[in-house]
**Q** 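Got a structure for you, written out below as C-alpha cells; questions coming shortly.
In what follows, chains are A, B, ... by sequence order, proteins preceding strands, each numbered from 1.
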Amino acid sequence: MTLLRHSFSIRFAPKAPYDFTLTVRKPAGWTLFSSIEAFEKGFLWTAAHIEGILVGMKLSSEGTVDAPQVVAELFTERRMPTRRQKAIGRALRRNIGADDDLGGFYDIARRDDILKHVLDDLYGMHSTSQSTIFPDAALAILLQMAPIKRSNAMIDCFITNYGEMAEFEARRIPSWPLPAQLAGRDPAELAKACKLGYRAKRLVELAKKIDSEGFPDTEELERLAPEESKRLLLGLPGIGPYSADIVDPHGGFPIDVWSADVFGKLFFGEEPKDKRADIECIKTEGLRRWGKWSWMAFLYVVQDLENLSKKLEIKLRLI
DNA sequence: GCGTCCAGGTCTACC
DNA sequence: GGTAGACCTGGACGC
C-alpha cells in the first residue's frame, strides 16, 4: 500500500470531437488503466505508473464533446517538482488519446457499410494506451485460451495481489504490476494464487526479459517502423500475433476465436466454419478494408455490437 | 453427479 | 518451414 499524499492539478483541451466518458470507460466495460478503478458521477479514480512514478488520478470533464476540457487531479507519494508535473501531464494526455485526430478515421467510416452504423453511438470515442507495454502484454497473456469471465477473474486477482496499491482520497486502486516486481516471483506461486495455469510462467518470463534487457516504451515503439515494432513485440515470451496486435501502438487487427466469429459474419455474412483456421483470412480482409485505421475500426465495432446487431440484422456474439 | 469438451493463443518437438 | 499436441482451469453440456 502506497499513500499518495501530495497532489497537483492540470487541465487541458483534447482535440475535438472528444467524448470523455466513452473514452475512459468504454461501453463494453474496458477500463482506462487498472481493471479495478471507480467511475462515479462523471469522475474516474484510477492509478498507473507514469514516468516511472505511481500516480493516483481523479479525472473528469468540464467541457462538451465538441469543446472538450479534461480536469485531472493527480496524486503522488512525494511532492513533484514542476518539471515532473509537466512530464506526467504530457504522458497522461497521450495515454487518454487527447491529441489524436479522428478526422481521417471518420472520413473512411462514413463511407463504410459497417462503420457508418456505429459513428452516432460512439462519436468522440478515442483509443487509449499505457505508457509502457507491460500492462497490455500481460493483459493479452491473461486473455489467452480462456472465456472472458475467467480472464477477468485472473486479471483482477493478478493486479490485486501483485500490483502496487495506490491510496488517495480515501480510495484504494491497485495498479498493474511492474516487470521488476514480478521478475523474481516463482511462477508456481502465481499459478496457485490466481489460478493462472501455464500463463503464470509466461508472465514471469516476460517480466524477466523486460526487466533485465529493457524494452522500448509505447512512445518509442510508435516512432519505429511498424514492421520493426511488430518484430520486437513478437520476440517477447508469450507474445504471438494476436497479443502483438493488442499491444502494438501502430495498431493491429487482433483477431481471435471470438472476434473471428464477429468479423466473419460482418465481412462474409456467416460465422467461420473453422474459427482458428479462418483467423488469418478474416484478419487479411480487415486490414485490406480499413488499412491504417484497422485498430480504430476494430475498437468501434466491438464497443457497439448490440446496436450493430440490430442495424445489420445479424446475431453477433457480445463481449 | 460425472465425464467430456473447449475457450478472446503460444510454444515446442517432430517431421 | 509447417504442423500436431500440450498447456491450466472451470463453465457448459449431455447423459
**Q** Give the rounded distance in Å between these two atoms: CG of Leu196(A) and P of dT10(B).
**A**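 Atom-to-atom, Leu196(A) to dT10(B), this comes out as 17 Å.
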**Q** Go ahead and name the base partner of dC8(C); Watson-Crick or wobble counts if both distances stay under 3.5 Å, otherwise write none.
**A**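 Matched dC8(C) with nothing under the 3.5 Å cut-off.
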**Q** Within the supplied structure, the quantity of interest is the number of heavy atoms (other residues, nucleotides, ligands) at a distance under 6.0 Å from Arg317(A) CZ; does it exceed 12?
**A**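 Yes, CZ of Arg317(A) has more than 12 neighbouring heavy atoms, counting only those of other groups under 6.0 Å.
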**Q** Judged by each residue's nearest nucleotide on DNA chain C, which is more toward the 5′ side, Lys149(A) or Arg202(A)?
**A**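 The 5'-side residue here is Arg202(A).
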**Q** Considering only atom P, compute the distance from dC13(C) to dG8(B) and round it to an integer number of Å.
**A**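 Going atom to atom, P in each nucleotide, I get 13 Å.
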**Q** Say you pick atom C1' in dC6(B) and the same atom in dA6(C); how far apart are they, in whole Å?
**A**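 Taking atom C1' in both dC6(B) and dA6(C), they lie 14 Å apart.
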**Q** Rounded off to whole Å, could you give me the CZ-to-P distance for the Phe158(A) and dT9(C) pair?
**A**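 Value for this atom pair: 17 Å.
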**Q** In terms of the nearest nucleotide of DNA chain B, which residue is placed more toward the 5' end: Trp258(A) or Leu234(A)?
**A**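 Counting from the 5' end, the first nearest nucleotide belongs to Trp258(A).
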**Q** Do Gln130(A) and His49(A) get their side chains close enough for a donor-acceptor pair, meaning under 3.5 Å?
**A**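 Side chains of Gln130(A) and His49(A): no pair found under 3.5 Å.
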**Q** Under 4.0 Å from OP1 or OP2 of dA7(B): is there any side-chain N or O of Ser151(A) that close?
**A**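 For dA7(B), neither OP1 nor OP2 has a side-chain N or O of Ser151(A) closer than 4.0 Å.
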**Q** Between Leu143(A) (CG) and dC7(C) (C1'), how many Å, whole number?
**A**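 So the CG-C1' distance, Leu143(A) to dC7(C), works out to 17 Å.
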**Q** Tell me: CD1 of Ile141(A) to C1' of dC11(B), nearest whole Å?
**A**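 Rounded to whole Å, this separation is 12 Å.
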**Q** To the nearest Å, how far apart are Asn152(A) CG and dT9(C) P?
**A**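 About 18 Å, once rounded to whole Å.
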**Q** Should the pair Glu228(A)-Arg231(A) be classified as a salt bridge under the 4.0 Å nitrogen-to-oxygen rule?
**A**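 A salt bridge is present here (some side-chain N lies under 4.0 Å from a carboxylate O).
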**Q** Is it possible for you to check whether Lys283(A) lies under 6.0 Å from the centre of the six-membered ring of Phe253(A), through NZ or CZ, and within 45° of that ring's axis?
**A**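 No cation-pi geometry.
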**Q** For Gln144(A) and Pro147(A), take the nucleotide of DNA chain B holding the closest heavy atom to each; which residue's nucleotide lies nearer the 5' end?
**A**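 Closer to the 5' end of DNA chain B: Pro147(A).
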**Q** Atom CG of Asp261(A) and atom C1' of dA7(B): how far apart are they, to the nearest Å?
**A**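 About 13 Å, once rounded to whole Å.
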**Q** Think Arg317(A) has a side-chain N or O under 4.0 angstrom from the OP1 or OP2 of dG8(B)?
**A**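 The answer is yes; a side-chain N or O of Arg317(A) sits under 4.0 Å from OP1 or OP2.
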**Q** Expressed as a whole number of angstroms, how long is the span from Leu203(A):CG to dC8(C):P?
**A**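 These atoms are roughly 13 Å apart.
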**Q** With a 3.5 angstrom cut-off on both distances, give the Watson-Crick or G-U wobble partner of dG8(B), or none if there isn't one.
**A**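 Pairing partner: none.
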**Q** Please lay out, stage by stage, how Glu169(A) and Trp45(A) fare under the test side-chain hydrogen bond (donor to acceptor under 3.5 Å, both in side chains).
**A** CA-CA 9 Å; Glu169(A) 288 225 318; Trp45(A) 281 269; 3.2 Å; yes
**Q** Looking across every strand, which nucleic acid part, if any, lies under 4.0 Å from Pro254(A) by heavy atom: base, sugar-phosphate, or nothing?
**A**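 Since no nucleic acid heavy atom lies under 4.0 Å of Pro254(A), the category is nothing.
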**Q** Mind telling me whether dG8(B) is syn or anti, cutoff 90° either side of 0?
**A**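 Base orientation relative to the sugar is syn.
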**Q** Between dC5(B) and dG5(C), how many Å separate the two P atoms, rounded to a whole number?
**A**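 To the nearest whole Å, 14 Å.
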**Q** Mind checking if Ile239(A) touches a base, just sugar-phosphate, or nothing, with heavy atoms under 4.0 Å?
**A**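 Contact class for Ile239(A): sugar-phosphate only.
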**Q** Flag the pair Arg94(A) and Asp99(A) as a salt bridge only when some basic side-chain nitrogen lies within less than 4.0 angstrom of an acidic carboxylate oxygen.
**A**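 Asp99(A) and Arg94(A): not salt-bridged.
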**Q** dA13(B) and dC8(C): how far apart are their P atoms, nearest whole angstrom?
**A**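 Each nucleotide's P atom is 14 Å from the other's.
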**Q** Within the structure shown, what part of the strands sits under 4.0 Å from Leu190(A) by heavy-atom distance: base, sugar-phosphate, or nothing?
**A**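 Here Leu190(A) touches no strand at all.
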**Q** To the nearest Å, give me how far apart CG (Leu139(A)) and P (dG8(B)) are.
**A**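 It is 15 Å, rounded to the nearest whole Å.
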**Q** Picking from dG10(C), dG8(B), dC7(C), which would you name as closest to the side chain of Met145(A)?
**A**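 Ranking dG10(C), dG8(B), dC7(C) by closest atom to the Met145(A) side chain puts dC7(C) first.
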**Q** Kindly point out which of dC8(C), dT10(B), dG10(C) is positioned nearest to the side chain of Pro241(A)?
**A**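 Given the options dC8(C), dT10(B), dG10(C), the side chain of Pro241(A) is closest to dT10(B).
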